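The analysis underlying the following values was restricted to heavy atoms, covering all of them including side chains, and did not include hydrogens, waters or symmetry mates. Please read these numbers as outputs of a predicted model, since none were measured by experiment. Numbers restart at 1 for each chain; the letters A, B, ... are given by sequence-line order, proteins then strands.
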Number of protein chains: 2
Amino acid sequence: MDPKQLLKEHVAKTVKLSDDEFDGFFDCFTTKSYKKGAYIITEGDRIDCEYFVVSGCIKTFYINDNQKMFVLQFAMPGCWASDYSALYNGTRATINIGCITDTELLCLSNKDRENACKKFHQIEHYFRARMTSEYVASQKRLLSTMNNDVKYRYEELITLFPELFNMVPKRLIAAYLGVSRETLYRLNNS
Amino acid sequence: MDPKQLLKEHVAKTVKLSDDEFDGFFDCFTTKSYKKGAYIITEGDRIDCEYFVVSGCIKTFYINDNQKMFVLQFAMPGCWASDYSALYNGTRATINIGCITDTELLCLSNKDRENACKKFHQIEHYFRARMTSEYVASQKRLLSTMNNDVKYRYEELITLFPELFNMVPKRLIAAYLGVSRETLYRLNNS
DNA sequence: AAAAAGTTGTGATTTGCATCACACAATTTC
DNA sequence: GAAATTGTGTGATGCAAATCACAACTTTTT
């Protein structure tokens with residue numbers, strides 16, 4: 001799908017922008033393509049951008065001291081991703097973002113976002129709404145992690161994003177659910 | 001501490017408002033006092049407000065089908081709390097908020113917040129910044145839950161909020177960490 | 001001040017999941 | 001298309017934490 005059109009429709013769900021306003025906003029973005037397996041952000045990087053997924057699928061993840069991976073987010077077309085802690089505090093990335101498939105992104109720099117938010121009240125409103133819903137989703141996931149068993153959460157995830165079932169290795173789904181791949185596998189026979 | 005002053009200082013950390021602007025904003029708030037043990041929000045309620053804690057301590061929590069409690073947040077003076085999912089989507093509360101000690105709150109209705117955000121760009125900016133940092137904190141907690149053992153997370157919590165150690169029952173701290181109170185107790189001798 | 005309610009200390013038992021280990025299948029790479 | 005890498009199925013073993021059970025201590029209520 002056309003990147004501009006995808007973003008436009010996505011923004012329009014929250015705020016009404018005139019064509020001119022949206023064009024001005026869209027001019028802040030640059031397009032980038034990555035191959036499967038490529039890193040978009042590596043731990044320790046200085047972060048300058050947040051990313052809007054146009055096509056493909058990316059993962060946001062953390063690797064601990066024992067090389068164990070934890071997946072924070074799978075981002076599909078229409079999703080945003082970055083290391084927001086690093087982006088907003090100007091610190092170095094503590095997480096990684098990598099491509100699960102070939103991926104096309106729109107990149108928005110922190111500076112351009114803040115300028116756009118300052119210039120257009122509606123755009124600030126859009127980003128506030130987005131952050132609110134990310135926060136709510138994150139709280140919901142935390143609660144589900146504490147409250148529900150692995151099987152339930154696996155089914156919850158696949159129901160929410162059926163594409164994931166075939167698109168990403170089970171290993172990564174286990175790393176999202178916070179269990180070993182063996183445990184995830186054994187859910188089938190239980 | 002004076003509620004108005006506390007809120008003013010809190011807002012000033014993020015945005016510069018003139019005294020008149022702040023006064024206008026503050027007029028949207030109402031003050032409420034609660035006794036220890038009282039409920040501010042009960043599951044199933046229609047939610048109209050978010051709350052800024054002036055004094056005391058409150059807990060945001062969920063009770064599952066087996067009557068097990070999960071604490072999502074301890075809110076101390078200077079913190080905000082509500083069921084944001086219910087507040088923004090107009091749905092019924094799925095969580096509870098209750099008072100751990102006698103508590104004084106400032107209440108801001110959803111409507112008043114949205115009006116203030118519309119009227120004053122700076123206020124919208126304040127709420128965006130707030131939501132961003134809540135989102136970052138929530139992600140960080142999720143990651144810590146998956147990555148670190150209970151003992152580490154307990155110490156992390158007490159380091160961040162030393163007041164909690166004496167102010168809230170260990171039972172509730174266990175419910176925050178997602179373990180049984182027995183497990184929390186046994187950390188001392190291990 | 002007595003009774004009731006809530007909180008914490010401590011043992012015994014069970015269980016879900018991690019870890020280790022290895023074979024086989026699928027997918028990349030050259 | 002052969003070799004290398006990555007992913008998946010499956011068993012055996014061990015441990016951390018849940019659950020149950022109950023006594024002791026604290027705080028609240030009347």
Roughly how far, to the nearest 0.5 Å, is the NZ atom of B:K32 from the CG atom of B:L105? 9.0 Å
Close residues, residues 152-179 of chain B, relative to DNA chain C [heavy-atom separation under 4.0 Å]: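 Under 4.0 Å from DNA chain C: B:P169, B:K170, B:R171.
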Given atom [atom1] of [X] and atom [atom2] of [N], what is their separation to the nearest angstrom?
X: A:L187; N: C:dC17; atom1: CG; atom2: P; answer: 8 Å
X: B:N66; N: D:dA18; atom1: CG; atom2: P; answer: 14 Å
X: B:E182; N: C:dT7; atom1: CD; atom2: P; answer: 14 Å
X: B:N188; N: C:dT8; atom1: CG; atom2: P; answer: 11 Å
X: A:N147; N: D:dA18; atom1: CG; atom2: P; answer: 14 Å
X: A:N64; N: C:dA18; atom1: CG; atom2: P; answer: 13 Å

If you find the nucleotide of DNA chain D closest to A:Y185 and the one closest to B:T183, which residue's nucleotide is nearer the 5' end? A:Y185
Does B:F165 have B:K170 sitting over its ring (NZ/CZ under 6.0 Å from centre, angle to axis within 45°)?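 Yes, cation above the ring, under 6.0 Å and within 45°.
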Between B:F61 and B:K59, is there a cation-pi geometry (under 6.0 Å to ring centre, at most 45° from the normal)? yes
Are the charged groups of [X] and [Y] less than 4.0 angstrom apart, N to O?
X: B:K35; Y: B:D102; value: yes
X: A:K13; Y: A:E9; value: no
X: B:K4; Y: B:D23; value: yes

Closest to the 5' end of DNA chain C, once A:D149 and A:R181 are matched to their nearest nucleotides, is A:D149
Taking the side chain from B:D45 and the backbone from B:T42, do they hold a donor-acceptor pair closer than 3.5 Å?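 Answer holds: yes.
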Hey, does the side chain of B:S180 come within less than 4.0 Å of D:dA18's phosphate (OP1/OP2), counting only N and O? yes
A:S82 and side chain to side chain contact (heavy atoms under 4.5 Å, CB included): which single residue from A:N110, A:L108, A:L87 fits? A:L87
Would you say the base of D:dG11 and the side-chain of A:R186 have a donor-acceptor pair closer than 3.5 Å?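 Per atom types, the contact qualifies.
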Short N/O separations, protein against nucleotides 26-30 of chain D, under 3.5 angstrom:
| residue | atom | partner | partner atom | Å |
| --- | --- | --- | --- | --- |
| D:dT28 | OP1 | B:K36 | NZ | 2.8 |

Minimum heavy-atom separation for B:K118 to A:H121, with atom names? O-CE1, 3.2 Å
